[in-house]
Colleague: 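Attaching a single structure in structure tokens format; questions to follow.
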Amino acid sequence: QVQLVESGGGLVQAGGSLRLSCVPAGRTLRRPAMGWFRQAPGKKREFVAAINWSGGSTYYTDSVKGRFTVSRDNAKNTVFLQMNSLKPEDTDVYYCAAASTEVPGTGEYEYDYWGQGTQVTVSS
């Protein structure tokens, strides 16, 4: 069983920054692509960012380009989401996800394992 544990969420003022981390617990995947998604209450989970196994390719939804950066440290089995210039509309529960492939996608169905989520709240 693969488990993912997110951390780093919290309350921040608009314009501030947070860094989310995601670490696998239990069985680890071989060379997984990783993604970040977010979901507001009553809304569909949406893609935020993704990174391939090597870290050489990253993908972002348009609303976070230039503000968020996804990265990974494979030696520590950790994936990060650096969020800068945060806006109130970034307020959501953020989820880390792992795929069984090396190349990430933007759809939920492309990921096999999910974390429990971490709350990010941006005040105006």
Side-chain angles (χ1 to χ4, degrees):
Q1 181 74 14
V2 176
Q3 297 174 328
L4 302 173
V5 180
E6 302 102 334
S7 61
L11 173 63
V12 65
Q13 288 188 330
S17 298
L18 285 173
R19 188 173 83 154
L20 306 184
S21 299
C22 174
V23 180
R27 184 174 70 87
T28 57
L29 291 171
R30 180 179 179 275
R31 303 169 70 90
M34 300 294 293
W36 289 95
F37 288 74
R38 62 187 180 186
Q39 186 173 26
K43 291 191 175 182
K44 187 178 179 181
R45 192 175 299 184
E46 66 171 359
F47 170 77
V48 176
I51 186 168
N52 69 341
W53 161 249
S54 70
S57 296
T58 56
Y59 309 84
Y60 300 94
T61 192
D62 287 345
S63 62
V64 308
K65 284 180 181 176
R67 301 189 298 123
F68 290 13
T69 303
V70 59
S71 62
R72 66 192 300 163
D73 182 344
N74 287 341
K76 297 182 179 179
N77 280 328
T78 305
V79 178
F80 305 98
L81 184 66
Q82 177 67 43
M83 305 186 294
N84 299 328
S85 302
L86 282 162
K87 305 175 181 179
E89 51 264 43
D90 293 318
T91 296
D92 273 324
V93 177
Y94 284 70
Y95 297 89
C96 172
S100 298
T101 60
E102 296 184 21
V103 179
T106 61
E108 284 188 74
Y109 66 93
E110 297 177 89
Y111 294 85
D112 302 291
Y113 304 97
W114 295 82
Q116 81 289 350
T118 185
Q119 177 70 47
V120 171
T121 302
V122 184
S123 63
S124 57

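On a predicted model such as this, the values are computed, not experimentally measured, just so you know.
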Colleague: Counting distance only, does the side-chain N/O of Glu6 pair as donor-acceptor with the main-chain N or O of Gln116 below 3.5 Å?
Modeller: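 Checking the backbone N and O of Gln116 against the side chain of Glu6, a donor-acceptor pair under 3.5 Å is found.
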Colleague: Under the rule for salt bridge (Lys or Arg N to Asp or Glu O under 4.0 Å), what residues qualify as partners of Arg19, not counting sequence neighbours?
Modeller: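 For Arg19, no residue satisfies salt bridge (Lys or Arg N to Asp or Glu O under 4.0 Å) once neighbours in sequence are set aside.
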Colleague: Any side-chain heavy-atom pair from Phe37 and Glu108 closer than 4.5 angstrom?
Modeller: yes
Colleague: Quick one: does Thr78's side chain have a donor or acceptor within less than 3.5 Å of a partner on Val23's backbone?
Modeller: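 Not at all, since once roles are kept as given, no pair shorter than 3.5 Å links the two residues.
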Colleague: For the residue pair Ser85 and Arg67, what are the closest heavy atoms and their distance?
Modeller: O-NH1, 3.0 Å
Colleague: Just how far is it from atom CE of Met34 to atom OG of Ser71, taken to the nearest 0.5 Å?
Modeller: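 With rounding to 0.5 Å, CE (Met34) is 11.5 Å from OG (Ser71).
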Colleague: Please report the shortest heavy-atom distance between Ser57 and Tyr59, naming the atom on each side.
Modeller: CB-OH, 3.6 Å
Colleague: Show the numbers, then the answer: is there a side-chain contact (heavy atoms from CB on, under 4.5 Å) between Val64 and Arg38?
Modeller: CA-CA 12 Å; Val64 308; Arg38 62 187 180 186; 4.1 Å; yes
Colleague: Whether the side chain of Asn74 engages the backbone of Ser54 through a donor-acceptor N/O pair (distance < 3.5 Å, no angle test) should be reported.
Modeller: no
Colleague: Is there a continuous path of hydrophobic side-chain contacts, each under 4.5 Å between heavy atoms, that joins Met83 to Val12?
Modeller: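 As far as the 4.5 Å side-chain criterion goes, Val12 and Met83 are connected within one cluster.
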Colleague: Given the rule that I, L, V, M, F, W and Y join up when any side-chain heavy atoms are under 4.5 Å apart, are Phe80 and Tyr95 in one cluster?
Modeller: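 No; Tyr95 is not reachable from Phe80 via cluster members.
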Colleague: Would you call Thr91 and Gln119 a side-chain contact if the rule is heavy atoms closer than 4.5 Å?
Modeller: yes
Colleague: Do Trp36 and Ile51 belong together in a cluster built from hydrophobic side chains that touch within less than 4.5 Å?
Modeller: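 Yes; Ile51 is reachable from Trp36 via cluster members.
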Colleague: What pair of heavy atoms forms the shortest contact from Ala50 to Tyr111, and how long is it?
Modeller: CB-OH, 3.5 Å
Colleague: Any non-hydrogen side-chain atom of Glu110 less than 4.5 Å from a side-chain atom of Thr101?
Modeller: no
Colleague: Check Lys43 with Asp92, please: is the shortest side-chain N to carboxylate O separation under 4.0 Å?
Modeller: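 No, Asp92 and Lys43 are not salt-bridged.
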Colleague: Which heavy atom in Tyr113 sits nearest to a heavy atom in Val2, and how many Å separate them?
Modeller: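 Closest heavy-atom pair between Tyr113 and Val2: CD2-CB, 3.5 Å.
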Colleague: Backbone N or O of Asn52 within a donor-acceptor pair of the Arg72 side chain at under 3.5 Å?
Modeller: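 Judged by distance alone, yes, a pair lies under 3.5 Å.
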Colleague: If you look at every heavy atom in Leu18 and Gly8, which pair is closest and at what distance?
Modeller: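 In this case the closest contact between Leu18 and Gly8 is CD2-O, 3.8 Å.
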Colleague: Establish whether Val79 and Val120 are linked, either directly or via other cluster members, by ILVMFWY side-chain heavy-atom contacts under 4.5 Å.
Modeller: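 Linked within one cluster.
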Colleague: Kindly compute the distance separating CD (Gln13) from CG (Leu86), expressed to the nearest 0.5 Å.
Modeller: 11.5 Å
Colleague: Locate the shortest heavy-atom distance separating Ala99 from Pro32; write the atom from each residue and the value.
Modeller: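 So the minimum-distance heavy-atom pair works out to O-CB, 3.1 Å.
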Colleague: Could you state the interatomic distance from CZ (Phe68) to CG (Leu20), rounded to the nearest 0.5 Å?
Modeller: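 Result: 8.0 Å between the selected atoms.
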Colleague: Do Asp62 and Lys65 meet the salt-bridge criterion of a basic N to acidic O distance under 4.0 Å?
Modeller: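 Here Lys65 pairs with Asp62 in a salt bridge, since their nearest N and O are under 4.0 Å apart.
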Colleague: Applying a strict under-4.5 Å side-chain criterion to I, L, V, M, F, W and Y, I'd like to know whether Val48 and Val93 cluster together.
Modeller: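 No.
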Colleague: Can you tell me how far OG of Ser63 sits from CD of Glu89, rounded to the nearest 0.5 angstrom?
Modeller: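 Answer for the CD-OG pair, Glu89 versus Ser63, is 8.5 Å.
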